[in-house]
Structure formats: structure tokens, C-alpha cells
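Whatever order the structure lists ligands and atoms in, that order sets their numbers, starting from 1. Residue indices begin at 1 and follow the sequence shown.
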Amino acid sequence: MEISEIFGSLVFNDSVMKQRLPKETYTALKKTISEGRDLDLSLANVVANAMKDWAVSKGATHYTHWFQPMTGVTAEKHDSFISPISDGSVIMEFSGKELVKGEPDASSFPSGGLRATFEARGYTAWDPTSYAFIKDRALCIPTVFCSYGGESLDKKTPLLRSMEALNDQAVRLMHIIGNNDVTAVNPSVGSEQEYFLIDNELYKKRKDLIFTGRTLFGAKAPKGQELEDHYYGTIKPRVSAFMANLDDELWKLGISAKTEHNEAAPAQHELAPIFENANLATDHNQLTMEMMKKIAADHGLACLLHEKPFEGVNGSGKHNNWSLNTNLGKNLLNPGKHPNENPQFLLVLCAVIKAVDEYQDLLRLSVATAGNDHRLGAHEAPPAIVSIFLGDELTEILECYENDTPYDERKKQKMELGVHGMPVISKDSTDRNRTSPFAYTGNKFEFRMLGSSISIAEPNIMLNTIVAEEFRKFADELENTEDVKSGIISIIKETVKNHKRIIFNGNNYSDEWVEEAERRGLFNLRSTPEAILRYRAEKNIELFTRHKIFTRQEVLSRCEILLENYSKVLNVEALTMLDMAKQEILPAILAYEKHLAETASVKKSLGETNDTNYRAISCRTEARIIAKLSNLADEVYDRTDELSELLSELKVICDCEKAAFFCKEKLVPAMKQLRKAADEAETIMAKDFIPYPTYADLLFSV
Ligand code: ADP
Ligand code: MG
């Protein structure tokens, strides 16, 4: 089949709606979508019926409200279309009411105290701005999820609210500066997704991968990524078959998977879709991750989305490419040919600079998870310090504004390729600083601190909201100026003067930067609990409530959920370590010791026979290995004891903030110690005795 025929074939998209809905219904629905109006029930009935007919024609038997609770993964509860009629047979039915609203029993989803179990009802409500689609023979309806009292319990609601806030303030600002044709501004997002693929049979032999998504033990393989031969390398046939299959399935869901390549670490890969509206991009990234796992299994593979599945090789992240697009199809972050003469662009750019400086903590905390703590600051991913990379050209333009000096465009460097006959290309206005956490890349900002497994909702909620806030302030200021043009110039000057500390074009991985950032007074929130606490800083609560993204109550509950989640993840990891250490590692070490001891004892008895050939036999090797292993076994045992004790202590800590810090300060170091002893034992054990597939097996298995 042609790709154009496959693409979106499982999506109730605009063209299907046009085809299947009566003209008035279609127009009304479009109005609902574009103007955020409520859809009345009689129209909803018509839409629901058309959706059901379409879904049934594609083989669907069930429908589900598809939502994104605070667990970070999606949730669904399937109901069949079947409805019995009086003669004992059934018909397929789906009403407007069922489309618009659902009532899942939600008592088991995290609510951070927002919803007591006695009022366990949660509500899902249709989000008509994201198309319904079919997955596993079920019609999936994207919905928001909230409590009985209307508090948001999910990631989509605040995302939609933040898009609205951004739109309101951006349009307002555009009108004030005379760009009156702009009636809507939408954030566009393209999220590049990294992942690992390993053999599924090996995966199933590792409890740590199954329970926690990452290896909690494992000595380094002789070869890692040091030769850099995997990055953009030839794709192996099995992986290539997986990628082709994945593309097909994503295309059917209307997800424009575009680029796929090998990444830096062995067995690591990346997928990039074409950017789209932030709401769709978020839904689509969730679906992409789900599909990756599912299709990997069909190919005898396991897809690892954890931020740090293997120690000693790169972890996986996600790059959130973000730009602002108007109803006229113009990107507000596009600098044009002469950015220095483009006040609108510079104004928008300044809003982002100011936003990132004033709300560094919010960007940092939006990517804070136990898994991501292994990456940020570990000389591979960007550090935990938020800064902006602008590139030389823009930095210079802004400096000229600040100092009232003219900008000399001729300085714009031309790229020397050193190949005759090649056209001279103007050096990209930004080079590719791969170490920056927040880089301007020509016509968009690339936020690179995201861990691979998180929902991109949270980072985009923050981006949209903080930029909306700066647009608001700029608009307020310009509204009261007589001369808007010089008003813009003074805003640019002020912003550069007050916020240039957030701009850093150098190497973010260097130790000097950490010191420099401290001198500049930038945040360095190294761990998840530290970062999360910033959620409830008064300036941040003020921001969220002003733009109606979260109520104070919602902020507090989110903070609690995130802290709790952090402790839960570490608790599961520690329990899994104990389990593996006691049931697999210690018995394996003892078995190998026994094997060596038996060998030595046989050797010894041979030496005691009369056969002179055996006289010179030595048991030194056995003895030395046994001695070393004995020590390590003792160490493993002691460390498991210590870890067990810490877990008992953790159990009785009721306060979620205290528990999170206990995990960070006590549990994490103890887990490291246990791992160290076990990994060292692994390096001196015979392969046959190692109780699980090794790093070499896992990383080079496909
Ligand atoms: P690369 O970074 O690999 O050179 P691109 O910069 O073209 O590739 O794109 C990386 C990701 O950024 C893709 O997902 C792409 O869709 C997205 N992207 C490109 N342009 C924009 C834009 N204006 N707004 C948001 N995302 C974009
Ligand atoms: Mg990128």
C-alpha cells in the first residue's frame, strides 16, 4: 500500500469528519475545536454515531476514554459498543454522552490529596482538539481527567490551559506592536526520542530490567561507546525491520515519524517526528513510546525507555523542539535574513530569555525524575544548570543593543568547506552546541534536559506558561508607551542587561561552568527532591494561579505526587536489588567458590598420590579467587543488611518530603555500595556462574 493511503488510516481526522459528518455538524464541530466552545449534546450524538460507524468499519469493537494521569503513562478502560435490544440480540451503539464524558473509578490514580477515596469519582472529558484513533480494536478518545471538584488530575488539562494562556498573551502583544492580522499563536513541538533495543530473551532474564527498567547490577563490558562507531552507523537488519514496522504503525496513527538513526551508545537509537501542535505532539509522543514497546516485542526485542538503563554508557533523553506559530503560518522564532533589523523577533526572543532566567527552576523541575538524576550533570546529558545557548550572531546583536553600538552584519562568518565548487553557505546562525540544555537552533528552541521516558506535557506546560507571563509583562509595558518602537528597543536593552547571565555559549559539561554559573547566581538543582520543592515557591504559585494553569491546591498536590513518586521508584529499585543480591548474586558467588574449592581439593588429593607428575600441582589460583570472592560476598551480605534496615526506616516516614530526601541521602548511596561489591565479584567469576546476562550480552545481542 502507498504510504499516503496508510497515513492516518486509523485516525478520525479532519478528512474523515468531512466525509462522514453532515455539513452543519462538521462546521459546528470545527467551531468548537477552533474557538474552544462547548459542543451541545445533539451534535455530540451525531459525531459519536459517525465515529462509531467509522470505527466499526475498521474492525473496532470497543471504545475507551484515553487519558494521561499523573503516573506519566496513559490510561484506558474499554467498554464495548454492544447494547442489547429486546429480541435478545445486540446492536452497536455509542452515544454523545458516552463520547463527551466518562466516569472512571479513579481511586487508584495519584491525586496528591486532592481526592479522598470516598469521593473516588474522577471524570474524563473529550478533548476535541486531538483526534480520536483506533488502537487494539478500540476507538480511543483523547480526554482530560479531573476530580469531582474540577481539579485537574492529569497532564493534558494544564497543557491545554497553558496553550490558551500563551495564545491570549501572544495575540495581545502582537496587536499592541501592530501585527493585527495575528489572531492565534500556537506552540509547535517536535520531540526526538531516544531508546535502547535489546534481545527479549535476555531481557526476561533480568529482574532489574523487568521491575525497574534499568540494570541495577552489571560490570562494564570490555567495549562501550568509546570507539564512537555506533553513532549514525549502519542499522542492523533486525533493528531495521523493527523500525520499518514501527514507522508503518505510527503512520497509521497519523504520527509523522521521519528520521531514525543509531545513537552514540551501542544498541541505542533515535526517532524524530515532524513537529506539530503541542497538544497533538504530546499525545503522539505517548503513543510512540507505547508502540515502540509493543512492536519491539513482535520482533523478539525489548525496548528500554529508561533514562539510564546501563551504567557507563550514555543514557537516553528526549529533545523538545519548541517554536511559536501564528494563524498566518509564520514562526515567531524565525529570525529572517536580518535579525538585527527585526524588532518583533528580538522582542519574542527576549521574552524567552527573560522567561528562562526567571523560571529556571520550573524548567529544571519539569524534567526531574529518579531516572533522570543519573543523566543530568553526568558529563553526557546537559547539566542540572539551566542556561541558554544563543550562538555568536544573536549574542552579538543583543550586545550591540545593550551597548548602543551598531551591529556590523559583514562579520557574519561564511563557512569554509575547503571544497572547490561548493556553494558558499552562510554559517548557520547557530552552530550545534550539543552540551547546552536549552539551545536556540535557527528557528526554535531545543530543550534537551528531558529524560527519555517522561511525558513531554510537563516541560511544555512550563515553557508555554513562563513565556506567556513575559509576553504579558511586555504587553503591559508597551500598552502604556506612546512610541511602541522605542518601547520595544528599551525592553530589549533592559532584558539583555538584566538577564544575560542565563546566556552561555561555551561547554556546559566543564567544571568551570559549574563555578561560573554559581558566580552568576544560577540555580544548580542537582537532585529530583531539591528541584521538585521549587514547585511551591511563592513566585511560581503566583505564576500558575495568575494564568489559571493550576490552583494553589493543584500545585501543592502535584508537588506531593512527584515527591512520592520519587520515593516509590527508589523503594522498588532497592527491593529489587535486595532480591537479586540474596536470591541470585550471593548463591552464584557461593556456587563458584564451591566449584573452586572442589577443584582445589581434587588437585590436592592428586598431589598426595604417589604419581610424581602431580607433585608440583598448585592451588594458588583457586585460593586467591576464593579469598577475593569471600571478601566480596561478605561485603554484599553486609550491604544487603544495611539496605534492608534503611528500607525499614523509610517505611515509617510519613512525610513525603522527608521520605524523598531520605531516599536521596541514604538509600541511593547504599545502593551504589551494594552494586560496587556485586559488580566487582562479577568481574572475577566464570561466565557460566554469572546469574544474569552481562552488559556484553545485553549491549551486543542484537
Ligand atoms: P536535527 O536537529 O536532527 O538537525 P531538525 O532540527 O530538523 O533536525 O529537527 C529536529 C526536530 O525538531 C524534529 O522533530 C523536527 O520536527 C523539529 N522541528 C523542526 N523545526 C521545528 C519548529 N519550527 N518548531 C518545532 N519543532 C521543530
Ligand atoms: Mg536534537
* Asked: Considering only heavy atoms of G190, which atoms of ligand 1 have at least one such atom less than 4.0 Å away?
  -> 14 (O), 26 (N)
* Structure fact -> Only residue of W322, F389, Y440 satisfying ring pair (Phe, Tyr, Trp, His ring centres under 6.0 Å) with F445 is Y440
* Asked: Which is closest to atom 9 (O) of ligand 1 by heavy-atom distance: K444, K258, E446?
  -> K444
* Return the option from N325, V189, N321 holding the heavy atom at the smallest distance from atom 11 (C) of ligand 1. => N321
* Are T282 and S455 close enough that some pair of their side-chain heavy atoms sits under 4.5 Å apart? -> yes
* CG/L328: more than 12 non-hydrogen atoms of other groups inside 6.0 Å -> yes
* Asked: Just which atoms of ligand 1 are under 4.0 Å from any heavy atom in S188?
  -> 25 (C)
* Within a distance under 4.0 Å of any heavy atom of I274, pick out the atoms of ligand 1 and give their elements. => 16 (O)
* To do: Work out which heavy atom in P437 is nearest to a heavy atom in V386; give both atom names and the distance.
  => CG-CA, 4.2 Å
* Taking only heavy atoms of N331 into account, list the atoms of ligand 1 that are under 4.0 Å away from them. => 23 (N)
* To do: Write down the atom of K493, the atom of E402, and the distance for their closest heavy-atom approach.
  => CE-O, 4.1 Å
